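Predicted model, so just to flag it, every value in this text is computed and none were measured. Each chain gets a letter, A, B and so on, in the order the sequences are listed, and its residues count up from 1.
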Protein chains: 2
Amino acid sequence: MVTYGSIVTDDDLVFKALADPTRRFLLDLLFQRDGRTLKELESGLEMTRFGVMKHLKILEDADLVVTRRSGREKLHFLNPVPIRLIHDRWIDKYREREVSALLALKTELEKD
Amino acid sequence: MVTYGSIVTDDDLVFKALADPTRRFLLDLLFQRDGRTLKELESGLEMTRFGVMKHLKILEDADLVVTRRSGREKLHFLNPVPIRLIHDRWIDKYREREVSALLALKTELEKD
DNA sequence: ACCATAGGTGACCAATTAGTCACCTGTCAA
DNA sequence: TTGACAGGTGACTAATTGGTCACCTATGGT
């Protein structure tokens with residue numbers, strides 16, 4: 001594997017975090033409604049608390065999820081900034097128009 | 001590991017493809033300039049041809065890269081659609097304004 | 001004070017993935 | 001038509017990652 005001198009960049013954390021379906025589902029849950037606790041998130045998944053906790057830590061390290069403590073609870077919030085930066089990396093103004101038109105057409109065609 | 005019945009969804013291919021730094025670098029190269037051959041892409045990487053080929057296949061399977069044959073060469077093009085769909089999954093109109101404002105502020109602050 | 005509850009750590013095993021190599025196919029030009 | 005060149009496949013190894021468990025700390029209600 002190419003490690004580039006074992007340097008782990010910011011974007012590497014983000015993309016690795018997004019690579020797992022469970023973590024994407026956690027982001028989906030937080031997209032629906034923010035500020036949930038581990039307990040609450042855990043109840044929606046067929047996995048032990050430890051598994052979910054590990055996934056949340058990976059999302060937090062990637063800054064895709066930010067947290068706030070409240071007593072003995074820890075509240076989780078979705079941070080959309082890293083997602084936007086992915087978009088901006090490979091979609092410039094030119095491609096933006098291209099893609100928008102394509103997706104609008106797709107929506108139109110699926111309207112049948 | 002959670003396999004969800006070993007179902008591999010479209011978005012899984014995309015996110016897995018983006019999880020590797022070499023593949024992201026390949027997308028960067030194609031973002032700069034489209035229509036490159038394997039030979040050309042290979043020359044920019046410290047890896048055997050086989051490694052690069054495997055990465056390109058993964059990108060192609062994920063539809064992040066589309067190709068066109070031309071004689072004995074195969075030309076590679078960046079497809080921005082899957083990237084845009086990632087954005088749309090976790091950024092709605094509300095967050096859109098939020099994020100734009102935040103990134104504009106960041107740019108402003110870094111202008112020193 | 002006590003105990004139930006929410007969250008946290010390090011070690012461990014199983015499954016997946018990155019990279020290389022020997023070997024093969026199709027195309028072009030002399 | 002033959003040799004060099006562009007691309008392709010399947011098998012293999014080493015490293016990484018996902019999930020669980022035994023065990024631990026901190027907070028809040030009664």
Side-chain angles (χ1 to χ4, degrees), chain A residues 1-9 11-27 29-30 35-62 64-77, chain B residues 1-9 11-27 29-30 35-62 64-77:
Chain A
M1 201 199 45
V2 177
T3 54
Y4 303 122
S6 84
I7 292 170
V8 177
T9 52
D11 70 276
D12 201 51
L13 290 177
V14 173
F15 288 107
K16 288 245 161 63
L18 291 173
D20 182 273
T22 301
R23 289 195 287 269
R24 291 197 298 276
F25 183 62
L26 285 168
L27 291 182
L29 288 178
L30 293 178
R36 308 206 202 199
T37 65
L38 168 60
K39 259 286 145 117
E40 190 179 352
L41 292 167
E42 177 200 337
S43 71
L45 286 172
E46 299 176 346
M47 190 183 298
T48 61
R49 177 170 61 88
F50 308 100
V52 178
M53 197 163 37
K54 241 182 179 175
H55 285 305
L56 284 172
K57 174 154 191 349
I58 290 170
L59 288 168
E60 206 179 334
D61 288 347
L64 281 161
V65 163
V66 292
T67 61
R68 205 180 72 220
R69 286 209 136 272
S70 165
R72 63 180 161 183
E73 296 187 325
K74 189 175 177 183
L75 308 179
H76 298 80
F77 300 86
Chain B
M1 199 198 51
V2 177
T3 52
Y4 303 121
S6 84
I7 293 170
V8 177
T9 52
D11 69 278
D12 200 52
L13 289 178
V14 173
F15 287 107
K16 288 246 161 60
L18 291 173
D20 182 273
T22 301
R23 289 195 287 269
R24 292 196 297 275
F25 184 61
L26 285 168
L27 291 182
L29 289 177
L30 293 178
R36 307 206 204 200
T37 64
L38 168 60
K39 258 286 145 113
E40 190 179 352
L41 292 167
E42 177 199 337
S43 70
L45 287 172
E46 298 176 345
M47 189 183 296
T48 60
R49 177 170 62 87
F50 307 99
V52 177
M53 196 161 41
K54 241 182 179 175
H55 285 305
L56 285 172
K57 172 153 193 349
I58 289 170
L59 289 168
E60 206 179 333
D61 288 346
L64 282 160
V65 163
V66 292
T67 61
R68 206 180 71 221
R69 286 209 135 272
S70 166
R72 63 180 161 181
E73 296 187 327
K74 188 176 177 182
L75 308 179
H76 298 79
F77 301 86

B:K39 (side chain) and D:dG7 (base): donor-acceptor pair under 3.5 Å: no

A:R72 (side chain) and D:dG29 (base): donor-acceptor pair under 3.5 Å: no

N/O donor-acceptor pair under 3.5 Å between B:R68 side chain and B:L75 backbone: no

Contact under 4.0 Å: B:H55 side-chain N or O vs C:dG19 OP1/OP2: yes

Distance below 4.0 Å between B:R23 side-chain N/O and C:dA18 OP1 or OP2: yes

Closest-nucleotide 5' rank along DNA chain C - winner of A:K57 and B:A19: A:K57

Earlier contact from the 5' end, DNA chain D, for A:R69 and A:R49: A:R49

Length of the CG-P vector between A:L18 and D:dT17, whole Å: 14 Å

Sugar-phosphate only, base, or nothing, as touched by A:G51 at under 4.0 Å among non-hydrogen atoms: base

Out of D:dG19, D:dT9, C:dA6, whichever nucleotide has its closest atom nearest the side chain of A:E73: C:dA6

Rounded distance (nearest 0.5 Å) linking atom NE2 of B:H55 with atom CG of B:D20: 4.5 Å

Single hit among B:I58, B:L41, B:L64 for side chain to side chain contact (heavy atoms under 4.5 Å, CB included) with B:L26: B:L41

